[in-house]
Amino acid sequence: MNQENENENEEEIVNANEKIIGRGTWLDKVAEDLVEREKKLGRSLSLIRVESGLGASGIPHVGSIGDAVRAYGVRQALKDVGYNSELIAYSDDMDGLRKVPVGLPEWLNDYIAHPVSKIPDPFGCHSSYGAHMSSILTDGLDKLSVEYKFQSGAEAYRKGLLANQVVKILENSRLIGEKISEMLGQTKFEDVLPYYPVCGSCGRIYVAEAYRYEREEKKVLYRCRGAEIAHKKIEGCGHEGEADVTKDQGKLSWKSEFAARWAALDIRFEAYGKDIADSVKVNDWIAEAVLNYPPPFHVKYEMFLDKSGKKISKSLGNVFTPQAWLTYGTPQSLLLLMYKRIAGTRNLSVEDIPTYMDEYDALEDVYFGKVKEENPAKLRKTKGLYEYINHLNPPKAPSIHASYRLIAQIASVAPKEGRTDYVIERLKSYRAIKEADEAFREKVRLAANWADEFSKTTEKTKVELTPVERIAVAQIVDFIRKTPKAEAETIQNVIFEAAKTNSIPPTDLFRAMYRILIGTNRGPRLGTYIVDIGTERAADSLSEQLDQ
RNA sequence: GGGCCUGUGGCUCAGCCAGGUCAGAGCGGCUGGCUCUUAACCAGCACGCCGUGGGUUCAAAUCCCACCAGGCCCGCCA
């Protein structure tokens with residue numbers, strides 16, 4: 001098989017099927033549409049910025065990181081076709097704390113409505129609550145080798161990065177208020193400015209209502225009259241004051257802030273979840289009509305839901321952090337989840353990690369030609385997906401593969417000591433692998449973590465034994481104790497003998513043994529396993545059961 | 001009130017976004033192999049009018065329309 005021919009073939013295929021864009025993934029499609037649009041708009045293409053918001057008010061979950069990962073994917077696709085591009089990760093740390101996430105200390109309730117960048121870090125390791133939350137996301141991005149430029153929202157206001165846009169928006173607040181009413185039926189901003197000052201007295205945001213804009217002084221006048229936040233009435237402190245809108249004395253409402261960001265930072269692409277679709281619609285209009293900046297190209301995506309169909313929510317407590325995923329799966333498996341497709345809702349849980357782990361291996365098989373894919377379009381797409389997962393720098397050789405569930409299953413019954421080696425030895429004896437390298441050992445560790453947490457073996461219950469089964473088990477224990485050095489095969493036969501002498505179907509006795517030793521109805525070859533975990537320990541577990 | 005997603009063998013789902021060996025996978029079930037009887041592995045079998053009805057096309061699970069059934073988001077919180 002020679003490289004040149006292969007390339008020629010690919011050329012032909014592409015010519016024959018013009019519809020395949022770039023590497024055939026949705027990222028390529030987005031990048032192409034985006035560039036086409038920019039060309040029509042006649043903007044400079046010397047640097048195409050893409051943006052992702054980083055929530056800072058709750059515990060970030062896989063969905064939050066997905067936004068950034070996908071934006072990065074688009075950046076990669078842009079670079080792939082020769083455009084300079086960067087990802088801005090913008091932390092919404094000027095936002096107020098609306099609700100204390102489940103599991104965090106009670107005292108945070110005293111900080112409701114305070115900007116999260118001003119709240120102490122309950123974990124004590126970062127400069128603020130907001131910094132801590134954002135760091136969970138950026139840490140996740142780092143682990144995924146996603147490159148980005150971090151921008152703190154609070155800092156953006158402090159430095160006046162958005163000042164020009166804030167001023168323009170406030171100067172046109174009447175028009176904006178009317179438009180919001182027209183577009184969404186929300187009349188609030190006909191009466192109130194789309195700006196939330198931080199109350200100079202109580203330090204809270206959202207509770208102070210900005211009722212007038214002083215054009216010359218670039219100030220809003222406000223009174224702290226309270227607000228309803230997350231369906232809870234929050235009392236104001238009654239303070240009246242003014243805020244300099246060119247400083248960090250407040251922030252724009254979401255219905256106008258994106259527009260300011262896009263214009264100020266020259267953002268050309270931003271994806272968004274359907275939950276903020278309305279805000280994006282308004283912001284697009286503001287960007288265009290008020291700020292004279294054509295809004296970025298968008299892609300809308302569905303939420304990640306949990307298995308019960310609930311939105312994975314920062315405050316609901318069903319959070320599924322990127323770190324949690326990475327406890328059980330490789331970075332590649334998480335990137336696969338994000339890059340595979342963007343359309344459609346996905347009900348997600350850690351139970352899905354094995355599937356994504358194995359699917360990555362399957363992609364790799366196709367990429368390296370171990371598995372043939374006849375359909376050229378599919379081949380290209382599959383390879384493209386694999387390449388994006390590897391940040392367009394795929395490995396030179398395939399990794400060692402073995403079914404994740406198989407690894408997990410073996411790990412779940414492996415002795416605690418030398419567990420990784422045990423699993424690898426078993427896999428070799430099954431001829432599932434020939435050898436193991438460090439990357440594979442890591443995979444074993446991940447699968448072992450998964451097994452510990454989710455494998456059914458964890459549901460160890462009391463085992464009900466029939467009288468004859470008790471006798472049989474007692475005989476087995478007796479044998480093991482007398483001959484602790486017995487061979488695996490011998491023990492295996494003793495179990496069959498015990499079944500026969502007591503007229504128990506072997507299947508039943510084995511099931512009982514498995515339930516006692518591993519907690520499952522099935523398991524590895526028992527003789528071998530008993531030797532592996534140590535005859536003494538096996539005998540102890542068995543007799544312990546008999547004593548009950 | 002507005003918007004979106006999903007509906008594929010017993011179960012869980014992939015495929016749909018750029019129509020054509022796509023009717024698939026895993027689990028479960030069944031049969032057989034691995035020197036008998038447990039795991040794993042291997043070979044094979046069964047099970048589907050791809051929600052319903054129209055339309056576009058040489059060709060539709062895939063595109064369009066309508067409808068039915070689930071679910072999600074937004075509705076003056078952000």
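Throughout, protein chains are lettered first and strands after them, A, B, ... in sequence-line order, and every chain is numbered starting at 1.
Among the heavy atoms of the strands lying under 4.0 Å from Gln492(A) is at least one base atom, whether or not backbone atoms are also near. Here Thr25(A) lies in heavy-atom contact (under 4.0 Å) with a base. Residue contacts shown for Gly273(A) are absent, as no nucleic acid heavy atom lies under 4.0 Å away. No contact: Gly96(A) has no heavy atom under 4.0 Å from any strand. Using a 4.0 Å heavy-atom criterion, one finds that Lys340(A) contacts the sugar-phosphate atoms exclusively.
Comparing G48(B) with C11(B), their P atoms sit 13 Å apart, to the nearest whole Å. Nucleotides C63(B) and C5(B) place their P atoms 11 Å apart, quoted to the nearest Å. For A14(B) and G26(B), the P atoms lie 16 Å apart once the distance is rounded to whole Å. Going from the C1' atom of G71(B) to that of C58(B) covers 38 Å, rounded to whole Å. Distance check on atom C1': G29(B) versus A69(B) gives 29 Å, rounded to whole Å. A gap of 50 Å separates the C1' atoms of A46(B) and G1(B), to the nearest Å. Comparing the same atom, P, in U37(B) and in U31(B) gives a spacing of 13 Å after rounding to whole Å. Nucleotides C73(B) and C45(B) are separated by 45 Å at their C1' atoms, to the nearest Å.
Following rounding to the nearest Å, Ile353(A) (CD1) and C13(B) (P) show an atom-to-atom distance of 16 Å. If you take NZ of Lys233(A) and P of C76(B), they are 14 Å apart, rounded to a whole angstrom. Going from atom CG of Leu363(A) over to atom C1' of G15(B) covers 14 Å, rounded to whole Å. In this structure, Trp26(A) atom CH2 and C16(B) atom P are separated by 14 Å, rounded to whole Å. We find that CD of Glu32(A) is positioned 12 Å from P of A18(B), with the value rounded to whole Å. Here the C1' atom of nucleotide C74(B) and the OH atom of Tyr301(A) are 15 Å apart, to the nearest Å. Taking atom OH of residue Tyr404(A) and atom C1' of nucleotide C27(B), one finds them 17 Å apart after rounding to whole Å. Summarising the geometry, the separation between CD1 on Ile276(A) and C1' on C72(B) is reported as 16 Å, rounded to the nearest angstrom.
For Ala287(A), the side chain to side chain contact (heavy atoms under 4.5 Å, CB included) partners two or more places apart in sequence, or in a different chain, are Ala259(A), Trp262(A), Pro295(A).
Atom CZ of Arg225(A) has 12 or fewer neighbouring heavy atoms from other residues, nucleotides or ligands inside a 6.0 Å radius. With a 6.0 Å radius and a threshold of 12 heavy atoms from other residues, nucleotides or ligands, Arg341(A) has its CZ atom above the threshold.
Looking at heavy atoms from C-beta onward, Tyr90(A) lies in side-chain contact with Gln151(A) at the 4.5 angstrom threshold.
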Given the rule in the salt bridge (Lys or Arg N to Asp or Glu O under 4.0 Å) test, do Glu190(A) and Arg174(A) qualify, once you have shown the distances and angles that lead to the verdict? CA-CA 6 Å; Glu190(A) 288 181 325; Arg174(A) 191 194 182 89; over 6 Å; no

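To the nearest 0.5 angstrom, Tyr356(A) atom OH is 15.0 Å from Asp361(A) atom CG.
Aromatic stacking of Phe189(A) on C76(B): not satisfied for centres closer than 5.5 Å together with planes under 30 degrees.
RNA chain B is contacted by both His231(A) and Gly24(A); Gly24(A) maps to the nucleotide lying nearer its 5′ end (nearest heavy atom per residue). If you find the closest nucleotide of RNA chain B to Thr187(A) and to Lys29(A), the one lying nearer the 5' end belongs to Lys29(A).
Counting only distance, with no hydrogens or angles, the side chain of His114(A) and the backbone of Cys202(A) share a donor-acceptor pair below 3.5 Å. A donor-acceptor pair under 3.5 Å is formed between the side chain of Tyr157(A) and the backbone N or O of Leu252(A).
In RNA chain B, the stems built from three or more successive Watson-Crick or G-U pairs (distances below 3.5 Å) are B:1-7 with B:68-74, B:10-13 with B:24-27, B:29-33 with B:41-45, B:51-55 with B:63-67.
Asn283(A) and Trp254(A) share no side-chain donor-acceptor pair at under 3.5 Å. Side-chain atoms of Asp28(A) and Tyr388(A) include a donor-acceptor pair closer than 3.5 Å.
You'll find the ring centres of Tyr360(A) and Tyr386(A) inside the 6.0 Å limit.
Residue Gln186(A) places its side chain closer to C76(B) than to any other of G15(B), U37(B), C76(B). Taking the side chain of Asp275(A) as heavy atoms from C-beta on, and the options C36(B), C76(B), C73(B), the nearest nucleotide is C73(B).
Regarding contacts with the backbone of C16(B), a side-chain N or O of Lys381(A) is found under 4.0 angstrom from either OP1 or OP2.
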Between the protein and nucleotides 2-9 of chain B, which nitrogen or oxygen pairs come in under 3.5 angstrom?
{"residue": "G3(B)", "atom": "N2", "partner": "Lys274(A)", "partner atom": "NZ", "Å": "3.4"}
{"residue": "C4(B)", "atom": "O2'", "partner": "Glu302(A)", "partner atom": "OE2", "Å": "2.0"}
{"residue": "C4(B)", "atom": "O2", "partner": "Lys274(A)", "partner atom": "NZ", "Å": "3.1"}
{"residue": "C5(B)", "atom": "O4'", "partner": "Glu302(A)", "partner atom": "OE2", "Å": "3.2"}
{"residue": "C5(B)", "atom": "O2'", "partner": "Thr345(A)", "partner atom": "N", "Å": "3.2"}
{"residue": "C5(B)", "atom": "O2'", "partner": "Thr345(A)", "partner atom": "OG1", "Å": "2.9"}

